[in-house]
Each structure stands twice: as structure tokens, then as C-alpha cells.
There are 2 protein chains.
Amino acid sequence: MSFEDGLTFDAFQEEFRLGKEDFCRDVFQENRETIQIKKEKTAVKNLSRIFDATFRICSRKGFRGMSMRDLSQESGLSMGGLYAYFRSKEELLNTLQRVGNHFIHRHLETTSRKGGDARQRLRIMIKTHLYLSEIVQPWFYFSYMEAKSMSRKERDFYKQAELFTENLILKILKQGVKEGQFADQDHQLAASVIKSMLQDWYLKRWKYSKREISVDRYAEFLIGFIESFYCLSQGSEG
Amino acid sequence: MSFEDGLTFDAFQEEFRLGKEDFCRDVFQENRETIQIKKEKTAVKNLSRIFDATFRICSRKGFRGMSMRDLSQESGLSMGGLYAYFRSKEELLNTLQRVGNHFIHRHLETTSRKGGDARQRLRIMIKTHLYLSEIVQPWFYFSYMEAKSMSRKERDFYKQAELFTENLILKILKQGVKEGQFADQDHQLAASVIKSMLQDWYLKRWKYSKREISVDRYAEFLIGFIESFYCLSQGSEG
DNA sequence: AGAAAAATCGAGCGATTGCTCGATTTTTCT
DNA sequence: AGAAAAATCGAGCAATCGCTCGATTTTTCT
């Protein structure tokens, strides 16, 4: 496949070399004091098992419906083993949220600084968001679904992250109008519904996998949809 | 306010005279055998208290995070009192889901049979969905968030309901193409993202209320957004 | 190989869970 | 007013919860 911006999922995946292992390394580095395990290799291996198990259980019961015995069985670690990584169940939730958000935030911000005209930047922003959510889908899904289960402080943090993404889109739309490239619409509402369409990709995975719709196809569709609303000239495809 | 189709939220609300009381009456009628209470008036009053309390608690902790003691305290009924209405916590969840879905299904189907050209029918469908979700927002939110907590049977039921709505939209889009009114797009994907934008209205209430965006304004925005993608001639506004 | 360090284990603690049921109160009859 | 029916109550049961900690196993040293 080849698109206007040259960005494809395969290329993206290669460039960033993301994956759950990097995620777990981040968690380990940022929680060295509380995690009782010393060796990175051991920690990363078990954190990965814990997270996988958490996502698997929570996608069925939700975080509060998951018991630590459930998690122990599913992850293969003992009760005591689990508590060598997290001081409490609550801390597991918060860590998962915080590190996930931080990870996503970092990548989106890098992306948002990339130059080009508004149209290009919109394309890149949409694709980056979709690609990220494709690679670490369980994190995105978990964050969204369990935001309400968090403490007030952590929940506010999540809402702020949600608005941050929306604002990145908003800025691009406004830039487009300034450059005479985009029509002058209700940007706030537009950014909001664009966000909801981006989220649908990781929230309704069951639907899109069954229909065998690739992330690139979804991305191209979204871009076309948005551009037909915003672009004054539907210019130069392909 | 006055729109092309003459449909406004106020008018809708008046016509259907919906509200939680009708909802609770439905629950009572459909569960006469299991509910130990005889008098409708008493049952409806207490069911209303139970549901309100459930939504309030679950929006913070999720269904599995809510204990029956939480529910007892928040609703003002005793433990024994609660179990006069539901034989188990699980049954409360299923009833809430089933009756909610049935209620929504009924109204959307009635709407979908209304005549007119594709453009009009699309407008009416979007507005009806938004208006319904505005009136019984807690039900929509709860259904969406707790679908994963349900038994396989009930979960499949929810997914089917989700696809039902999508199909209603899909049919209208295809009709529009046949009538030469709509462009020939990827209807399946279009219906899917339209659904996600409709859902955003009840999932992100915190955002839209803070920004003081009315349901009518949101509806008009969505319609404009979709029509710019689909309509061959952006014809006759107002 | 033997000792020190690191990692893993799971029985058991007190608190909380979903739920029951006999006692009590309120309402509706004659 | 008094009896029958309906509605409400909450202490208490067995099961499960989050979590601890001393014992045990595995790994890494010299």
C-alpha cells in the first residue's frame, strides 16, 4: 500500500519498534523504588505476564470485578509474587493508567510537532493515533473503560489527557483555516467527534476484526470523511 | 429553534412523554413473576430508587465494584428489600440491560419505518437516537460500559442490538444511493463511525455539558458533517 | 560446591461479599 | 377495630476479598 503521506502501519511499527516489552521496561524504570525485584529481565518478563492477564480478565469483568486470586491464576504468579510488583491492587490500576498515558502522550506530541500544511498534519495525526492504538490496544481499551474506577486525582489526569488529544486536532483545524485550506466550521465539535471516531477503532475491535478491516483502510476512510467536510478543494489524491 | 425536519428535542420529549417512570413500569410488568411486590405504585417507586442508585454508584465504580450494601445505603432500601425486587445481583444487571435495550429498540424501529427520502430519514434517525439517549442517558451509558460484565448470552444480545442500529443507518445510506441522492461511499464503515459519533453524546456527557452544547446543536452538527460526505447536492437548507 | 542474594510461594488473617429468613412494621381489607 | 396481606427490615451465614509474611526455591556470586 502507498498513501499520500507515505505513512503505513507496517512502516510505523518498524520505525517505533513498539510493543509491550518497551511498555513494561518503562513501568520497571519508573517504579524501581516500589518494585521489589532487582533484575530488569525478570521484572519485564513478569510485568508482561501480569499486564496481559489483567487485560484479559478486565475485558470480561472490569478491574473491580477482578480478584487478585484471578490475577494470580491467570498470570501464573503466586499471591506473594504479585505483591512484589505492586503494593496494592489500586497501585496496579494507577500504574497501568499513568504509564500508558505517558507513553501515548509522548508519541502524539512528537508527531504533532512535525511540519507541513494542515492537511498533511491532520493525516499524520490521525494515522499516528490509530497506529498507536493498534499496537497497544489493550492499554487504550483499559484506560478508557477503567477511567471511572480511578481515584479523583487519577481520573482528572485521564480527562486532561483526553482533552490534550482533542486540542492537538483543534490546533490543526484552526491552522488549516488560517492557511485558507480548510472551511471555517465548528472546530471544537469537529475535534470532538473526530476523537470519538479514533476511539471507536480500539473500543470496537470485535467488530472491525470480524469484518477484516485493516487499520490503514480505516485511517483512509476517516481522512476522506473529515476532508470532505473540511477541505475547500478536495485536491490531488494518490 | 426550527429545523428542516421540524423535529426538536422539546417536541420529541413532549410526544413520547418518556422518563424513568415508564421505564420502571416496563420492568415491573415484564418481571411480575419474580418481583415479590404486588402493587404497581409501590414497585415503580422503589425500582426507580434502585435504578437511580445503581447508575449513581456504577458510574463511579462499575457494576462489579458496587456491593449490595452500597446499593442498599444509596437507595434507602434494606438488604431484604432489594432482594424482593431481584433474586440476585446478576439478575439486576440483566434486567437493566434487557429492558433498556427493548425500550430503545422499540422506539428506533418505529422511527425507522417513517417515510420520506433518504436525506429526511437520516435526519430523523440521527435525531431520534440522540434524543432517546438524552432522555435515558444513564441507561445508555450503563449498557455500553457494563456490556462486558454480562453473561455470554446477554452480551451477544447487546452486540446484536448495537449492530441493529448500525443496520438501520446502513439501509438509509443505501436507499440514498439508489435514489441518486447520496454518493456511493463505503456504507458499512460510514454507518459504523456515524454510530460512534452518536454514542459519543451519551458517553462523554461531562464534556458536552461543561461546554453547554445542546442536543439539538450536536444533532445539527452531525447531520451537516455526514451530509457533506454523502450528499451530492448540499441542497435547500432551512 | 557453598554461601549470599533474589525471587517465589501459599496458608492464613481480618474485613467484606452476595444472600437468606424469621421478625417487625405498614397497608388493605371486612 | 381487628385480621389478613403486603412490604420492609437487618443480623447473621458461608464464601470470597485484599493482603501479609515466614518458609522455600532459584539464581548469582566467590
Side-chain angles (χ1 to χ4, degrees), chain A residues 24-25 27-28 31-54 57-58 60-96 146 149-151, chain B residues 24 27-28 31-51 53-54 57-58 60-96 146 149-151:
Chain A
C24 296
R25 222 185 311 279
V27 173
F28 177 67
N31 295 70
R32 270 215 133 100
E33 307 92 43
T34 65
I35 292 179
Q36 291 169 29
I37 267 60
K38 307 288 170 187
K39 286 174 60 187
E40 180 172 292
K41 201 182 156 189
T42 310
V44 167
K45 183 193 72 185
N46 284 334
L47 282 172
S48 177
R49 284 206 286 169
I50 293 172
F51 293 157
D52 280 350
T54 304
I57 299 166
C58 290
R60 279 182 279 119
K61 310 183 178 186
F63 185 76
R64 297 206 111 100
M66 174 187 76
S67 75
M68 293 305 274
R69 281 171 181 82
D70 288 340
L71 186 55
S72 167
Q73 188 157 36
E74 185 83 24
S75 67
L77 273 82
S78 67
M79 290 297 289
L82 289 177
Y83 281 87
Y85 290 90
F86 300 97
R87 280 184 295 204
S88 70
K89 192 185 171 190
E90 183 87 4
E91 192 178 281
L92 168 61
L93 175 63
N94 289 338
T95 300
L96 231 29
E146 305 299 345
S149 298
M150 301 181 295
S151 66
Chain B
C24 296
V27 173
F28 178 66
N31 295 70
R32 270 216 133 99
E33 308 90 45
T34 65
I35 292 180
Q36 291 170 29
I37 267 62
K38 306 290 170 186
K39 287 174 58 188
E40 179 172 294
K41 203 182 154 188
T42 309
V44 167
K45 184 194 73 185
N46 284 335
L47 282 172
S48 177
R49 284 206 286 171
I50 293 171
F51 292 158
T54 304
I57 299 166
C58 290
R60 278 181 280 119
K61 311 183 178 185
F63 185 76
R64 298 207 112 99
M66 174 186 77
S67 76
M68 293 305 273
R69 282 172 182 81
D70 288 341
L71 186 54
S72 167
Q73 188 157 36
E74 185 84 23
S75 67
L77 272 82
S78 66
M79 290 298 289
L82 289 177
Y83 281 87
Y85 291 89
F86 300 97
R87 280 185 294 205
S88 70
K89 193 186 172 190
E90 183 87 4
E91 192 176 283
L92 168 61
L93 174 63
N94 289 338
T95 300
L96 231 29
E146 306 298 346
S149 298
M150 301 181 295
S151 65

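In what follows, chains are A, B, ... by sequence order, proteins preceding strands, each numbered from 1. Computed over heavy atoms, backbone and side chain alike; hydrogens, waters and symmetry mates excluded. Not measured: the values here are computed from a predicted model.
Taking atom CG of A:N46 as the reference point, atom P of C:dA6 lies 16 Å away to the nearest angstrom. Between the C1' atom of D:dC17 and the CG atom of A:L71 lies a distance of 14 Å, rounded to the nearest Å. Atom CE of A:M68 and atom P of C:dA11 are 17 Å apart (whole Å). The CD-P distance, from B:E40 to D:dA7, rounds to 12 Å in whole Å. We find that CD1 of B:I37 is positioned 16 Å from P of D:dA5, with the value rounded to whole Å. One can place CG of B:L82 at 13 Å from C1' of D:dA7, the figure rounded to the nearest angstrom. Summarising the geometry, the separation between OH on A:Y83 and P on C:dC13 is reported as 17 Å, rounded to the nearest angstrom. Taking atom CD of residue B:Q36 and atom C1' of nucleotide C:dG22, one finds them 14 Å apart after rounding to whole Å.
Between B:F51 and B:L92 the shortest side-chain heavy-atom distance falls below 4.5 Å. Counting heavy atoms from C-beta outward, B:D70 and B:K61 have side chains that approach closer than 4.5 Å.
Between B:L71 and B:A53, the closest heavy-atom pair is CD1-CB, 3.7 Å. Closest heavy-atom contact between B:A84 and B:I37: CB-CD1, 3.6 Å. Heavy atoms only, all atoms of each residue included: A:C58 and A:M66 are closest at SG-SD, 4.0 Å.
Evaluation of the side-chain contact (heavy atoms from CB on, under 4.5 Å) rule for B:E91 yields B:T34, B:F86, B:R87, B:S88, B:T95 as partners, not counting sequence neighbours.
Using a 4.0 Å cut-off on heavy atoms, the residues of residues 84-95 of chain A that approach DNA chain D are A:S88, A:K89, listed by number.
The structure places CD of B:E40 at 13.5 Å from NZ of B:K45, a figure rounded to the nearest 0.5 Å. Considering OH of A:Y85 and CG of A:N46, their distance stands at 3.5 Å, rounded to 0.5 Å. Of the inter-residue distances, the one linking A:S67 atom OG with A:I57 atom CD1 reads 7.5 Å to the nearest 0.5 angstrom. To the nearest 0.5 Å, atom CG of residue A:L82 and atom OG1 of residue A:T54 are 8.5 Å apart. Atom-to-atom distance recorded for A:F28:CZ and A:T42:OG1 is 8.5 Å, nearest 0.5 angstrom. Taking CZ of B:R64 as the reference point, atom OG of A:S149 lies at 12.5 Å (rounded to 0.5 Å).
In terms of position on DNA chain D, the residue among B:L77 and A:D70 whose nearest nucleotide sits closer to the 5' end is B:L77.
A donor-acceptor pair under 3.5 Å is absent between the side-chain atoms of A:R49 and the main chain of A:L77, judged by distance alone. A donor-acceptor contact shorter than 3.5 Å is absent between the side chain of A:S72 and the backbone of A:M68.
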Show me the protein contacts with nucleotides 2-4 of chain C, counting only N or O atoms at under 3.5 Å.
none

Between protein and nucleic acid, restricted to nucleotides 24-29 of chain C and to nitrogen or oxygen atoms under 3.5 Å apart, what atom pairs and distances do you find?
| residue | atom | partner | partner atom | Å |
| --- | --- | --- | --- | --- |
| C:dT28 | OP1 | B:K39 | NZ | 2.5 |

Just the table, please: protein N/O against nucleotides 11-13 of chain D N/O, every pair under 3.5 Å.
| residue | atom | partner | partner atom | Å |
| --- | --- | --- | --- | --- |
| D:dG12 | O6 | B:R69 | NH2 | 3.1 |

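Across C:dA7, C:dC9, D:dA6, the shortest atom-to-atom separation from the side chain of A:S78 is found for C:dC9.
Both key distances under 3.5 Å define a Watson-Crick or G-U pair, and stretches of 3 or more such consecutive pairs in DNA chain C run C:1-30 with D:1-30.
For C:dT17, one of the phosphate oxygens OP1 or OP2 lies less than 4.0 angstrom from a side-chain nitrogen or oxygen of B:S67.
By the 6.0 Å and 45° rule, A:K89 stacks over the aromatic ring of A:F63.
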